[in-house]
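The structure appears below as structure tokens.
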Amino acid sequence: MSAGDQASVPRLGPLGIWSYHLDVQPMARAQHAVAELDDLGFGALWVPEAVAREPFANAGLLLGATARMTVATGIASLHARSAMTMNAGWRTLSEAFPGRFLLGMGVSHQTMVDGAHLGRYGTKPYSTMVDYLDTMDNSEFWGAAPPVAPQRVLAALGPRMLRLAAERGMGAHTYFVPVEHTAVARDELGDDALLAPAQTVVFETDPAKARQIARKFMSRYLALPNYTNNLRRLGWGEKDLDNGGSDRLVDAIVAWGSLDQIAARVQGHLDAGADHVCVQVQTGDTQHMPVAEWRELASIMPTLRARSAVAQYTS
């Protein structure tokens with residue numbers, strides 16, 4: 001990555017927030033909350049796309065309520081829109097908020113695509129992504145051009161998609177992964193690409209209560225082959241994946257306990273090769289914004305040690 005490229009890369013910093021909670025709040029309340037996240041110093045807010053808000057409109061409204069932080073999609077599904085529309089949305093927000101919008105895009109999951117009648121998922125998600133990127137990059141866009149180059153990351157877990165993320169984007173956003181996957185992903189991406197894993201956390205020190213909340217969160221993802229196949233590649237067995245996940249798997253996917261224990265997990269990802277960790281707080285109540293927990297997380301930012309090789313453009 002050249003010095004010129006670095007100038008256009010969103011400044012994510014080592015810690016961000018990944019949140020669905022803002023989607024279920026009235027927009028005025030969500031904007032108030034994201035303004036506080038910006039004031040607290042978080043480098044990025046990651047917003048999802050599934051069955052809640054449309055991510056480009058959502059990102060634009062949230063960006064308008066902030067002054068510094070990046071808003072990233074985690075992730076925008078290529079099955080939900082044409083490549084031309086994805087390109088136009090990407091460039092529109094990148095022009096309006098230079099250097100502060102990061103497009104995270106991915107192939108999503110077969111059950112979500114087929115169930116929502118978004119077309120045919122197909123049997124070759126890698127080829128689907130390559131073809132889509134080719135079409136996207138060759139799409140016409142006559143709107144005002146972004147003053148700095150727009151940036152994107154790919155949702156990636158397996159080796160081929162991770163390498164593609166480094167070749168055709170800024171890097172990769174990984175989700176539902178243990179720290180061991182971050183080390184594997186760094187090896188596949190190489191040194192120069194961005195790696196931004198999501199880490200789910202539960203602020204609960206009682207093991208039974210913490211794992212109950214964690215299993216409630218994990219149940220949806222353990223039904224999706226993209227995630228379970230990735231865990232199998234890492235050596236996790238069927239006993240770990242069945243019945244809501246073994247305690248060992250639950251503890252590897254969801255960090256729970258004190259603030260110090262949660263901070264140690266975030267640092268574990270950074271030590272394993274991550275540049276930026278986006279933390280998703282789970283409380284067991286999807287309607288409740290975990291504002292108190294976000295404020296606690298902000299206090300660990302000065303203690304985090306980011307990967308020095310990319311600190312110049314991510315901090």
Side-chain angles (χ1 to χ4, degrees), residues 18 46 48 50 74-75 77-79 104-114 121-130 132-133 153-201 211 214-215 217-255 265-280 307:
W18 197 109
W46 296 73
I75 53 87
S77 170
L78 60 81
H79 291 281
M105 53 183 289
V107 296
S108 189
H109 304 272
Q110 183 165 4
T111 55
M112 297 175 70
V113 172
D114 294 347
Y121 187 78
T123 59
K124 298 180 178 180
Y126 176 85
S127 298
T128 298
M129 176 59 83
V130 171
Y132 190 94
L133 290 171
V153 294
L154 303 187
L157 293 172
R160 295 181 73 201
M161 197 68 82
L162 285 164
R163 291 193 292 270
L164 184 68
E167 295 165 3
R168 301 292 300 271
M170 180 181 167
H173 172 48
T174 59
Y175 190 89
F176 203 73
V177 294
V179 169
E180 62 192 291
H181 182 268
T182 295
V184 171
R186 173 52 63 198
D187 287 343
E188 294 293 347
L189 287 167
D191 288 338
D192 294 334
L194 179 83
L195 176 55
Q199 174 62 61
T200 302
V201 305
R211 288 174 179 144
R215 284 191 170 95
F217 158 76
M218 291 173 61
S219 61
R220 178 185 183 193
Y221 300 105
L222 287 175
L224 297 173
N226 301 38
Y227 294 125
T228 54
N229 289 339
N230 182 57
L231 291 170
R232 290 186 181 99
R233 279 193 298 267
L234 295 172
W236 294 89
E238 297 309 311
K239 290 183 179 179
D240 292 305
L241 301 173
D242 291 342
N243 302 315
S246 66
D247 284 355
R248 190 170 71 95
L249 179 62
V250 170
D251 296 350
I253 294 293
V254 178
R265 179 67 62 86
V266 173
Q267 188 60 56
H269 281 289
L270 295 171
D271 291 344
D275 304 303
H276 170 83
V277 181
C278 38
V279 174
Q280 179 178 185
R307 207 167 61 97

Contacts of Phe217 that satisfy ring-ring contact (aromatic ring centres under 6.0 Å, His included) - sequence neighbours left out: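 Once residues adjacent in sequence are excluded, the partners of Phe217 under the ring-ring contact (aromatic ring centres under 6.0 Å, His included) criterion are Tyr221.
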First locate atom [atom1] of [X], then atom [atom2] of [Y], and finally report the distance between them rounded to the nearest 0.5 Å.
{"X": "Arg220", "Y": "Tyr227", "atom1": "CZ", "atom2": "OH", "answer": "8.5 Å"}
{"X": "Met161", "Y": "Met129", "atom1": "CE", "atom2": "CE", "answer": "5.0 Å"}
{"X": "Leu241", "Y": "Trp236", "atom1": "CG", "atom2": "CH2", "answer": "9.0 Å"}

Distance-minimising heavy-atom pair for [X] and [Y]:
{"X": "Ala156", "Y": "Ala172", "result": "CB-CB, 4.1 Å"}
{"X": "Ile75", "Y": "Gly106", "result": "CD1-N, 3.6 Å"}
{"X": "Thr182", "Y": "Ala274", "result": "CG2-N, 3.7 Å"}
{"X": "Gly190", "Y": "Arg186", "result": "O-NH1, 2.6 Å"}
{"X": "Val201", "Y": "Val279", "result": "CG2-CG1, 3.6 Å"}
{"X": "Gln199", "Y": "Val277", "result": "CB-CG1, 3.9 Å"}

Holding to side chain to side chain contact (heavy atoms under 4.5 Å, CB included), I want the full list of residues that pass it with [X], two or more places apart in sequence or in another chain.
{"X": "Ala166", "answer": "Leu189, Ala193"}
{"X": "Ala185", "answer": "Leu162, His181, Leu195"}
{"X": "Ser246", "answer": "Asp240, Arg248, Leu249"}
{"X": "Asp271", "answer": "Gln267, Arg305"}

Arg160: partners by salt bridge (Lys or Arg N to Asp or Glu O under 4.0 Å), with sequence neighbours left out: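 With neighbours one apart ignored, the set is empty.
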With sequence neighbours excluded, residues passing salt bridge (Lys or Arg N to Asp or Glu O under 4.0 Å) with Arg233: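 Checked Arg233 against salt bridge (Lys or Arg N to Asp or Glu O under 4.0 Å); zero matches.
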Ile253 and its side chain to side chain contact (heavy atoms under 4.5 Å, CB included) partner, picked from Leu231, Thr200, Val177: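 When side chain to side chain contact (heavy atoms under 4.5 Å, CB included) is applied between Ile253 and each of Leu231, Thr200, Val177, only Leu231 qualifies.
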Sequence neighbours excluded - salt bridge (Lys or Arg N to Asp or Glu O under 4.0 Å) pairs with any residue from residues 171-183: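 Salt bridge (Lys or Arg N to Asp or Glu O under 4.0 Å) check on residues 171-183 returns no pairs.
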Got a sec, which residues hit side-chain hydrogen bond (donor to acceptor under 3.5 Å, both in side chains) with [X], two or more places apart in sequence or on another chain?
{"X": "Arg215", "result": "Asp247"}
{"X": "Thr174", "result": "none"}
{"X": "Asp187", "result": "none"}

Arg265 side-chain N/O to Ala252 backbone N/O, donor-acceptor pair under 3.5 Å: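 Flag set: sc Arg265 to bb Ala252 pair under 3.5 Å.
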Expected output: side-chain His173 to main-chain Ala155 donor-acceptor under 3.5 Å: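 Checked: no pair found.
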Worked verdict on Phe176 versus Leu222 for side-chain contact (heavy atoms from CB on, under 4.5 Å): CA-CA 9 Å; Phe176 203 73; Leu222 287 175; 4.0 Å; yes
Derivation and outcome, side-chain contact (heavy atoms from CB on, under 4.5 Å), residues Arg211 and Asp251: CA-CA 8 Å; Arg211 288 174 179 144; Asp251 296 350; 2.7 Å; yes
Side chain proximity check, Leu154 to Leu133, heavy atoms < 4.5 angstrom: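 They are in contact (side-chain heavy atoms under 4.5 Å apart), so the answer is yes.
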Minimum side-chain heavy-atom gap Tyr175-Gln280 below 4.5 Å: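 A side-chain contact under 4.5 Å exists here.
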